[in-house]
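The figures that follow rest on heavy atoms only: side chains count, while hydrogens, waters and symmetry mates do not. Positions are given from 1, in the same order as the sequence printed here. Note that the structure is predicted; figures quoted are calculated from it, not measured.
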Amino acid sequence: MKLRITPLNFATAFFLLIAVYSWVYGVQISGAHFKGMSTTIGWIFLLFAVVVSFMDIMFRNFFPENKKLWIVELSFITLAAIIFLLVK
């Protein structure tokens with residue numbers, strides 16, 4: 001299998017980094033330290049990493065060209081961010 005760097009690879013690495021960071025250092029929201037919630041939030045970010053990695057594999061199968069793959073994955077990330085901001 002050929003190693004290709006894609007935007008969703010960066011997103012997966014980011015989610016894994018945030019999961020490990022929340023397990024090691026805990027989570028602090030608005031100055032309040034949530035010691036019991038850091039494990040749960042770490043698992044949620046790990047789940048996000050698995051889902052994003054699965055989406056990356058699916059997009060790689062549908063779009064074999066690197067240029068189209070980058071455009072589709074960047075569009076997916078942008079759409080997900082817009083939906084997140086609208087729901088928030």
Side-chain angles (χ1 to χ4, degrees):
M1 180 161 51
K2 189 176 175 183
L3 178 68
R4 292 192 289 182
I5 303 297
T6 60
L8 289 181
N9 285 347
F10 293 118
T12 302
F14 174 74
F15 285 135
L16 288 174
L17 180 73
I18 295 297
V20 170
Y21 183 83
S22 69
W23 281 325
V24 172
Y25 294 108
V27 177
Q28 200 171 16
I29 301 171
S30 299
H33 189 68
F34 295 102
K35 188 160 181 82
M37 291 295 293
S38 63
T39 304
T40 305
I41 292 173
W43 281 109
I44 290 171
F45 279 117
L46 188 64
L47 176 67
F48 285 167
V50 168
V51 169
V52 168
S53 178
F54 179 72
M55 290 297 297
D56 184 39
I57 293 170
M58 283 182 32
F59 284 143
R60 284 174 190 243
N61 286 332
F62 286 120
F63 302 100
E65 294 178 22
N66 246 358
K67 185 176 181 180
K68 287 183 183 178
L69 181 67
W70 270 76
I71 291 170
V72 168
E73 288 189 1
L74 286 174
S75 300
F76 174 74
I77 291 171
T78 305
L79 180 66
I82 290 171
I83 290 173
F84 172 76
L85 292 174
L86 287 174
V87 170
K88 185 179 176 184

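- By the criterion of side-chain heavy atoms lying less than 4.5 angstrom apart, applied directly or through intervening Ile, Leu, Val, Met, Phe, Trp or Tyr residues, Ile83 is not grouped with Leu85; the two fall into different hydrophobic clusters.
- Residues Leu79 and Val72 fall into different hydrophobic clusters, defined by Ile, Leu, Val, Met, Phe, Trp and Tyr side chains chained together at heavy-atom separations under 4.5 Å.
- In this structure, Phe76 and Leu8 have side chains that are in contact, with non-hydrogen atoms separated by less than 4.5 Å.
- The shortest distance between side-chain heavy atoms of Leu46 and Phe15 does not fall below 4.5 Å.
- A heavy-atom distance below 4.5 Å is not found between the side chains of Thr12 and Asp56.
- A donor-acceptor distance shorter than 3.5 angstrom exists from the side chain of Thr78 to the backbone of Leu74, with no hydrogens or angles considered.
- Tracing side-chain contacts under 4.5 Å through hydrophobic residues (I, L, V, M, F, W, Y), one never reaches Ile77 starting from Ile82; they form parts of separate clusters.
- The heavy-atom pair separating Arg4 from Pro64 by the smallest distance is NH1-O, 2.7 Å.
- Between atom CZ of residue Phe14 and atom CZ of residue Phe45 there is a gap of 7.0 Å, rounded to the nearest 0.5 Å.
- A distance-only check finds no donor-acceptor pair linking the side chain of Trp43 to the backbone of Ala19 [under 3.5 Å].
- Side chains of Asn61 and Ile57 form a contact here, defined as non-hydrogen atoms less than 4.5 Å apart.
- Phe10 has its side chain within reach of Ile5: a pair of non-hydrogen atoms, C-beta onward, lies under 4.5 Å apart.
- Under the 4.5 Å side-chain contact rule for hydrophobic residues, Phe48 and Ile18 share a cluster.
- Of all the heavy atoms in Gly42 and Ser22, the pair that sits closest is CA-OG, 3.2 Å.
- In this structure, Arg60 contributes its side chain and Thr6 its backbone to no donor-acceptor pair below 3.5 Å.
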